[in-house]
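First the structure, in the form of C-alpha cells, and then the observations on it.
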Amino acid sequence: MPELPEVETVRKGLERLVVGKTIDAVTVLWPRIIELPEVPLFQAFLSGQEIIGVQRRGKFLILKLTDFDLVSHLRMEGKYEYFPSAQTAIQDKHTHVIFQMQDGSQLQYRDVRKFGRMALVPKNQSSKYKGIQQLGPEPLSHDFDKIAFQEALKKKTMAIKPLLLNQKIVVGLGNIYVDESLWLASIHPERLASSLTERETSLLYESIIAVLGQAVEAGGTTIRTYANALGEAGTFQVSLQVYGQTGQPCARCQTPIQKIKVAQRGTHFCPTCQKNKEVRR
DNA sequence: CGCAATGTTCGAAA
DNA sequence: TTTTCGAACATTGC
C-alpha cells in the first residue's frame, strides 16, 4: 500500500473508522515490526490511549493519541484491516499487530513481507522521529516550492529517478509515480538531475503535482494486492501510462513502452518521448 | 528454480 | 562529504 496516494487513502480510512476510539490492548505477533519502544512498553503505553486524529507525512502515517504519536510506515505491503467486532474478526498468518479497542472493534496491521515498521514517540514529537526528520516537502502542499525544487536538482549529479525516490527533494514518490511523473514530463529516468533544463525541471515539478494529485483523487493504485478494509478503493491503475505497461504503445507516440533497471528498480519509460541526452555507461 | 515485487536502511567502496 | 552498489529484511506468485 505504499506511495503517497495509497497512504493518504489509508489515512482517510483510518480517520473515518478509528478516530474517537480508545485502545484497550495491543497484541504484537512479530516484534520486529515495533521499532520503539520495546514491545512490553509499547503495549503498556498504548493501553487506554484515545485516537484523536490521523495524519500523514510523506509515506508515514501518524496516529495522534492522547499522550503519544504512533508513527507507522507500510513499506511494501503493509495494510490495516478493521473489524467492527472482535468476535467476527478474522486473523490470518499475516496479522502481526492487533489493536483491540474498548468499544469491541479491532484494528489489525497485516504485512505479508513484514517490512513495515511502527514507532511510538512522545506527543507531537513525530516530526523529530529519524525517518521523518529528514524528509523533503509535501508535493501537494504550498511547502513544495518550484524554485527551491529546481535549485535542488541543479546541485545533484545523481540520476533523476533515484534522486526522486530518496524522499529528500520531495516526499511521496515511489516506483509507480516516479515513472509516471517522468513520462508525463518526457524525461528519461537516467538523466542526471543537474543536466535538466529549467523548462524540464519546471515541467517535472508540475507533473509530480498532477500525477500525485490525480492519484489521490482516484484513491490510489491497486495492483497485486487484495481488497482490504482500508484504502483498497483505488482506481488509478486504469490511468497508468507506463508502470506495468511494458510493450504497450505509448499514449503520446505509440512506441512500445520499455522496461529497464535503474538503481535496482524496474523502470518503465517511452524510448521515444523520454530520450537520454547523457552518454552514460 | 529463479526472479521480481507500491520501500527503506546500512555498510562498504569509489 | 557525496554517490553508488549490494545486501538485507521476508514472502508470494509467475
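Here is the naming used below: chain letters follow the sequence lines, and residue numbers restart at 1 for every chain.
Nearest-nucleotide positions on DNA chain B place Tyr177(A) closer to the 5' end than the other of Tyr177(A) and Gly131(A). Along DNA chain C, the nucleotide nearest Arg113(A) and the nucleotide nearest Ala263(A) are compared for position; the residue whose nucleotide lies closer to the 5' end is Ala263(A).
Both geometric conditions, a ring-centre gap below 5.5 Å and a plane tilt below 30°, are fulfilled for Phe115(A) over the base of dG7(B).
You'll find that the side chain of Arg265(A) is closest to dG7(B), out of dT3(C), dA4(B), dG7(B). Distances were taken from every side-chain heavy atom of Lys93(A) (C-beta onward) to each of dT11(C), dA4(B), dT12(C); the shortest belongs to dT12(C). Listed nucleotides: dG6(C), dA5(B), dC9(C). Nearest to the side chain of Met76(A): dA5(B). Of the listed nucleotides (dA10(C), dG7(B), dT4(C)), dA10(C) has the atom at the smallest distance from the side chain of Trp30(A). Relative to the side chain of Arg32(A), the nucleotides dA5(B), dC9(C), dT9(B) differ in distance, and dC9(C) lies closest.
Between Trp30(A) and His96(A), the ring-plane angle classifies as tilted under the 30° and 60° cut-offs. Between Tyr80(A) and Phe99(A), the ring planes lie tilted relative to each other; the angle falls in the 30° to 60° range.
In this structure, the side chain of Glu151(A) does not engage the main chain of Ala148(A) through any donor-acceptor pair within 3.5 Å.
For Ile176(A) and dA4(B), the CD1 to C1' distance is 14 Å, given to the nearest whole Å. In this structure, Asp111(A) atom CG and dG7(B) atom C1' are separated by 11 Å, rounded to whole Å. In this structure, Met158(A) atom CE and dT4(C) atom C1' are separated by 8 Å, rounded to whole Å. Note: CG (Leu74(A)) to P (dG7(B)) measures 11 Å, nearest angstrom. Regarding Asn166(A), its CG atom lies at a distance of 15 Å from the C1' atom of dC5(C), rounded to whole Å. Computed from coordinates, the Leu192(A) CG to dT3(C) C1' distance equals 12 Å when rounded to whole Å. Taking atom CG of residue Leu164(A) and atom C1' of nucleotide dT3(C), one finds them 16 Å apart after rounding to whole Å. Glu35(A) has its CD atom 10 Å from the C1' atom of dT9(B), to the nearest Å.
In this structure, Arg57(A) pairs ionically with Glu138(A), as a charged nitrogen and a carboxylate oxygen lie closer than 4.0 Å.
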With both pairing distances under 3.5 angstrom for Watson-Crick or G-U wobble, and | for a partner in another strand, the correct string for DNA chain C is .||||||||.||||
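Distance noted for atom P between dC3(B) and dG6(C): 14 Å (whole Å). With P as the reference atom, dA7(C) and dG2(B) are 15 Å apart, rounded to whole Å. Across dA10(C) and dC10(B), the matching P atoms stand 16 Å from one another, rounded to whole Å.
Counting non-hydrogen atoms under 4.0 angstrom, Arg117(A) reaches nothing in the nucleic acid.
Between Lys259(A) and dA5(B) there is a side-chain polar atom (N or O) within less than 4.0 angstrom of OP1 or OP2. Taking 4.0 angstrom as the limit, His94(A) places a side-chain polar atom (N or O) nearer than this to OP1 or OP2 of dT12(C). OP1 or OP2 of dG7(B) has not a single side-chain nitrogen or oxygen of His73(A) nearer than 4.0 Å. Between Lys156(A) and the phosphate of dT3(C), there is a side-chain N or O to OP1/OP2 separation shorter than 4.0 Å. Distances shorter than 4.0 Å separate none of the side-chain N or O atoms of Gln264(A) from OP1 or OP2 on dC5(C).
Between Tyr129(A) and Glu35(A), the side chains place a donor N or O and an acceptor N or O closer than 3.5 Å (distance only, hydrogens not considered).
Inter-residue side-chain proximity for Tyr177(A) and Leu212(A) is flagged as met; some heavy-atom pair is nearer than 4.5 Å. Contact check for Phe68(A) versus Gln49(A): side-chain heavy atoms found under the 4.5 Å cut-off.
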Tell me, with the steps shown, if Tyr205(A) and Glu200(A) meet side chain to side chain donor-acceptor pair (under 3.5 Å). CA-CA 8 Å; Tyr205(A) 171 87; Glu200(A) 287 175 322; over 6 Å; no
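Minimum interatomic distance between Trp183(A) and Cys250(A) (heavy atoms only, all atoms of both residues): NE1-SG, 3.4 Å.
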